[in-house]
Amino acid sequence: MSASSLAEGAGCNTPCDMPVWFNPARELDALLRKVAPTVPGFDAEFNPELRPSDPRHADFQANGVLAVAKKAKGNPRALATALVDAVKATGELDQKLFQVEVAGPGFINFKLTPVALGAWLREYRDESKWRAGAARMMGGRKVVIDYPSPNTAKQMHVGHLRPIVIGEAVARLIEFCGAKLTRDNHIGDWGTNFGILILAIRRAGFKLDAQSPTALDDLERLYKEGSVLTKADPAAMDAARAELAKLQSGDAENLALWEEIVKVSNIACQRIYDQFGLKTDVILGESFYRDKVDQVYSELQKVGLAEESEGALVVWHDDEPRFSRHAEAKMPFIVRKKDGSSNYASTDLATLLYRAEYFKADEIVYVTDGRQQDHFHQLFRTGAKWFTATKRTLPRLRHVWFGTILGEDGKAIKTKSGDPVRLQSLIDEATERAFAAVTAKSPELSETERKAIAKAVGIAALRYVDLASNRTMDYSFSWDKLLAFEGNTAPYLMYAVVRVRSIFRKNGIEVGKGEEGATDPETPTEIALARKLLGFTAALDLALEDLRPHHLCTYLHELAAAYGAFYAADTVNVDDPAVRARRLMLCARTCAILETGLRLLAIEPVERM
RNA sequence: GAGGGGGUAGCUCAGUUGGAUUAGAGCAGCAGCCUUCUAAGCUGCGGGUCGCGGGUUCGAGUCCCGCCCUCCUCACCA
């Protein structure tokens, strides 16, 4: 809605020609920063420290005055009052929309009035509006995100769940907030795992045929054999490395074998990706950089970053004790192995350059597990020095890492036989259990519909469990947790959507219709829901800041809970048309924000369940 | 040894970078609510020396110092 219609609707005495703020916290912060230097005691460095408040006190609070008072040994309440007066004097803060007061030791509290809540709900009514509002956050920056980047040559197991799920959520979040995003699946297809596999195939005298229906199982078995062999016998490990070196130097036989292996595992990966709805923009695996690593070696040596050590080409970082050549436990960044072949570091450096030059990346986001932190520290350091020495601009580099999925025993999750749990069996079981739940709760639905719901809910539950806790935490996998449909879970959120949609369906209208004449929120549960709806912006801020999707999960759960309370307390279908219209509006916004939020997590909501 | 993660209610976890006499959710437990919009829901109750000991200040789960427990990583795996 336009500002002028707000003025009419709210009966403003003074002309209200201000736009409705998408993100009030950000705007209040800017306003305080602008006004503060005009107030005695404040300077241009003033940080208002604006943040969402405990709803019992206010919607937002500014804590920054306390720091100023402490430094200047002034009276915080007096300073805060002076600042508030100055802000009010500018006329830029409509007091029909915000109640402002100084509270406690010197906080400035901002409380949104029902008029403000109503105005926001009318203005920010659908995903396109939120997207536009959020677009400022990334401002069209070119971002390359590296995920899920599996090591091929083996079946996808439970360890591949997190990069798919977290990577997709982070990608969607960044994109939603206005980045120009390239999703790059940087598959591990040029490393020693292939040497191991080629060795095992050779020793078994096996004839690999990508067309064979058992090809994947064969690879799985052979890889396991090779893995056992090379772990037990250093000579076998050397043989595996030699096979890799042969492959990398262009040996025709190994190259042919490699192509067959890649074919088999790509087909298998794609089957999993399809079920997760994962589509990357490009697949530029390590092998893509096979002809680009020589430039890395030569440049690093030319600028004096890399040197020979024990036959390998390495980079030391003497400015970081752990990575220094003087460290007790030596941990150089090995960019070329002593047998001349490339490794993770070589291809990652080549990849960094390619992303900077070809994709013109302003920012690169790597989604991998936490055990690779040292690698990325070294990569980022090396990249910074290399780019500086060659007068290139280094993109912002971020490592979005995650913890391990543990079994019930607290160790990395395994099947009873000790093999890793296959991702496919996880999906299948989640779907089966979801089907049993739908059948028990909604037996009246057709089997086809129950199956479709089970598929959506099963995958959603699997994803959500992975996303709901802070990504840096390890978590224990349990079917009970996955099965749960209460609390902070995907089924709870999806069910909230179902209940909203049901109201519109029963009324025979589309979601978003029937809002004409809606008044501002009034009852306590309406107001609480409206305030929670506005909290979407803060949740986006928080999740984007450290690329932690669990903040979005927490928010969506709180929103669904606020809707639950509203739903129980305030009947939508009442006779009073104004009340009905505003409740339909609240329902529509809840529905849309829940659906948008779920889709940011790559969870597809359903109509019924 | 070095670096990183974690230690908050019986269990699983939040806690927006030092803020509000009362540290929050959800499970599980107990007690209620369906002839009215999907009960996969809602309402209420009980449950805590925030690992331990110091310190910094108006104010600490959060910052500093010292311990304890646990998980992960550390020369050619990715």
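Keep in mind it's a predicted model, so treat the numbers as computed, not measured. Proteins come first, then strands; the chains are lettered A, B, ... in the order of their sequence lines, and each starts at number 1.
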Approximate separation, where rounding is to 0.5 Å, of Asn23(A) CG and Leu28(A) CG
9.0 Å

Using a 4.0 Å heavy-atom cut-off across all strands, classify Gly564(A) as base, sugar-phosphate, or nothing.
sugar-phosphate

Between A20(B) and Asn109(A), counting only base atoms on the nucleotide and side-chain atoms on the residue, is there a donor-acceptor pair under 3.5 Å?
yes

Counting any heavy atom closer than 4.0 Å, what does Met609(A) reach on the DNA or RNA strands: base, sugar-phosphate only, or nothing?
base

Going by purine N1 to pyrimidine N3 plus the second Watson-Crick contact, or the G-U wobble pair, all under 3.5 Å, which nucleotide sits opposite U49(B)?
none

Ring centroid separation Phe107(A) to His57(A) under 6.0 Å
no

Measure from the side-chain heavy atoms of Ala437(A) and tell me the nearest of A78(B), A75(B), A40(B).
A40(B)

Within the 4.0 Å heavy-atom criterion, would you say Ser309(A) contacts the bases, only the backbone, or no part of the nucleic acid?
base

Give every residue pair that meets the ring-ring contact (aromatic ring centres under 6.0 Å, His included) criterion with at least one member in residues 467-491 of chain A, sequence neighbours excluded.
Phe477(A)-Trp479(A)

Nearest-0.5 Å distance that lies between atom CG in Asp146(A) and atom NE2 in His186(A):
6.0 Å

Can a side chain N or O of Tyr492(A) be found less than 4.0 Å away from OP1 or OP2 on C42(B)?
yes

U12(B) P sits how many Å from His557(A) NE2, rounded?
18 Å

Choosing from C37(B), G19(B), A39(B), which nucleotide comes nearest the side chain of Tyr495(A)?
A39(B)

Arg499(A) side chain near A39(B) phosphate (N/O to OP1/OP2, under 4.0 Å):
yes

Side-chain N or O of Lys481(A) versus OP1/OP2 of C11(B): is the shortest distance under 4.0 Å?
no

Can you confirm if the NZ or CZ of Arg290(A) lies within 45° of the ring axis of Trp258(A) and under 6.0 Å from the centre of its six-membered ring?
yes

Taking syn as within 90° of 0 and anti otherwise, name the glycosidic form of C34(B).
syn

Regarding Arg336(A) and the six-membered ring of Tyr297(A), is the cationic atom NZ or CZ under 6.0 Å from the ring centre and inside 45° of its axis?
yes

Check whether any side-chain nitrogen or oxygen of Tyr567(A) sits under 4.0 Å from OP1 or OP2 of A39(B), and answer yes or no.
yes

Closest of G19(B), C74(B), A78(B) to the Ala329(A) side chain is C74(B)

Going 5' to 3' along nucleotides 59-64 of chain B, which nucleotides have protein heavy atoms under 4.0 Å from the base (write B), which only from the sugar-phosphate (write S), and which from neither (write -)?
B-----

Decide yes or no, distance alone: a donor-acceptor N/O pair under 3.5 angstrom between the base of A40(B) and the side-chain of Thr489(A).
no

Starting the side chain at C-beta, find the nucleotide from G19(B), A78(B), A2(B) nearest to Arg322(A).
A2(B)

Ion pair present between Asp319(A) and Arg381(A), side-chain N to carboxylate O less than 4.0 angstrom?
yes

Proximal nucleotide (of A20(B), C76(B), U43(B)) relative to the Ala565(A) side chain
U43(B)

Tell me whether the side-chain N/O atoms of Arg51(A) come closer than 4.0 Å to OP1 or OP2 in U17(B).
yes

